[in-house]
Amino acid sequence: MHMGRNVYILLALLSLYTGLATSADWNILHLIKKEGASLKNYCESWRMNVELNNIRDFKVVPQECADFIGKYMTSTQYKADSRRAVEECKLYIRTCCAFKDDGKDAWIFDIDDTLISTLPYFKKHNFGGLEDEYKEVKTYKAEIRRQLVNEGYRIWGIIGDQWSSFEGHPSAKRTFKLPNSLYYIS
């Protein structure tokens, strides 16, 4: 029994090592050729994994995907995805909360691409060719929420386009993520 488990562990470590050894040689064109996938498939998958928070800490959209991401961000699908998130938010707020009449009920809006769109900026710069510096904001946003809670506010929800809007404590009762594949703020 122990030998079987040891063989399993050895195989797992070997496959991990092989994956790490070949990652230095990784190239999207090799992947496309090997798997028969198209660049469009790769870029759509990249965009979806950004939204799922599986891909983190990227600085810019991969150059190969800038056109695909640009098309999505200016498409009716992007508008429909954003609209759906807002509709879910409205449904939640109508049914969730026992608001008090004391002025302490709060909802947090992440400003970038929630109330003010940066889409014109990225459109002008071809959806990802620029590398702007973004400071770490996760700690800052959590500190602001903590300050609000300490002042007696009840944070019912947060709607934003960056995962950093939701991370840290205290959190809201519910969060709503809007699509944004253009940049990542941690």
Side-chain angles (χ1 to χ4, degrees), residues 28 31-32 35-97 99 105-142 144-145 148 155-186:
I28 182 58
L31 179 69
I32 290 171
E35 295 184 3
S38 69
L39 184 58
K40 181 180 190 276
N41 293 138
Y42 168 79
C43 293
E44 285 297 316
S45 179
W46 183 87
R47 181 187 65 77
M48 180 59 67
N49 278 277
V50 165
E51 297 303 338
L52 294 171
N53 205 24
N54 294 332
I55 297 175
R56 301 175 184 187
D57 299 324
F58 68 92
K59 299 275 190 249
V60 295
V61 173
Q63 191 61 42
E64 305 89 356
C65 296
D67 288 341
F68 292 100
I69 300 303
K71 285 176 185 170
Y72 168 73
M73 295 297 293
T74 57
S75 72
T76 57
Q77 185 62 53
Y78 170 76
K79 290 176 186 168
D81 292 345
S82 297
R83 208 174 297 121
R84 179 64 187 196
V86 170
E87 288 301 317
E88 290 299 318
C89 183
K90 288 169 152 180
L91 178 65
Y92 171 74
I93 204 166
R94 283 193 294 262
T95 60
C96 75
C97 314
F99 295 121
D105 294 304
W107 195 278
I108 297 175
F109 293 87
D110 178 293
I111 298 299
D112 297 340
D113 290 319
T114 303
L115 299 177
I116 301 170
S117 177
T118 58
L119 191 56
Y121 168 84
F122 282 100
K123 191 173 186 178
K124 181 179 176 184
H125 295 287
N126 298 320
F127 298 99
L130 247 60
E131 198 171 321
D132 289 337
E133 291 183 27
Y134 295 103
K135 66 179 199 171
E136 170 116 2
V137 295
K138 176 175 63 173
T139 304
Y140 171 76
K141 291 178 180 184
I144 296 299
R145 289 193 306 269
L148 289 169
I155 303 173
W156 291 101
I158 301 172
I159 186 168
D161 69 327
Q162 293 293 318
W163 288 101
S164 62
S165 297
F166 316 125
E167 295 173 347
H169 294 287
S171 189
K173 303 278 185 208
R174 179 83 192 270
T175 59
F176 295 88
K177 171 78 169 64
L178 294 172
N180 182 350
S181 305
L182 296 176
Y183 58 90
Y184 183 93
I185 299 176
S186 59

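Below, each value reflects all heavy atoms present in this structure, side chains not excepted, and no hydrogens, waters or symmetry copies.
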Original post:
Are E88 and R84 close enough for a salt bridge, meaning some N to O gap below 4.0 Å?
Top reply: yes
**OP:** With sequence neighbours left out, write down each residue that passes side-chain contact (heavy atoms from CB on, under 4.5 Å) with Y72, or none if nothing qualifies.
**Re:** R47, S75, Q77, Y78, D81, P179
**OP:** Supply the atom-to-atom distance R174 CZ to I158 CD1, rounded to the nearest 0.5 angstrom.
**Re:** 12.5 Å
Original post:
Looking at P170 and R145, what are the two nearest heavy atoms and their distance?
Top reply: O-NE, 2.6 Å
**OP:** May I ask you to decide if the ring planes of Y92 and F176 are parallel, tilted or perpendicular, using 30° and 60° as cut-offs?
**Re:** tilted
Original post:
Could you state the interatomic distance from NZ (K40) to CG (D67), rounded to the nearest 0.5 Å?
Top reply: 13.0 Å
**OP:** Please report the shortest heavy-atom distance between I93 and F99, naming the atom on each side.
**Re:** CG1-CZ, 3.8 Å
**OP:** Mind checking the SG-CG spacing from C65 to L39? Nearest 0.5 Å is all I need.
**Re:** 5.5 Å
**OP:** Measure from the side-chain N and O atoms of S165 to the backbone N and O of D161, and report whether any donor-acceptor pair falls under 3.5 Å.
**Re:** no
Subject >> Heavy-atom closest pair, residues L178 and A85 >> reply: CD2-CB, 3.5 Å
Original post:
Which pair of heavy atoms, one from V61 and one from W46, lies closest together, and at what distance?
Top reply: CA-CH2, 3.9 Å
Original post:
Between R56 and N53, which heavy-atom pair has the shortest distance, and what is it?
Top reply: NE-O, 2.8 Å
Original post:
Roughly how far, to the nearest 0.5 Å, is OG of S82 from NZ of K177?
Top reply: 9.5 Å
Subject >> Over all atoms of both residues, closest heavy-atom pair of C43 and I69 >> reply: O-CD1, 4.1 Å
Subject >> Euclidean distance, S45 OG relative to L52 CG, rounded to 0.5 Å >> reply: 9.0 Å
Subject >> Residue pair I108, I144: steps toward the side chain to side chain contact (heavy atoms under 4.5 Å, CB included) verdict >> reply: CA-CA 10 Å; I108 297 175; I144 296 299; 6.0 Å; no
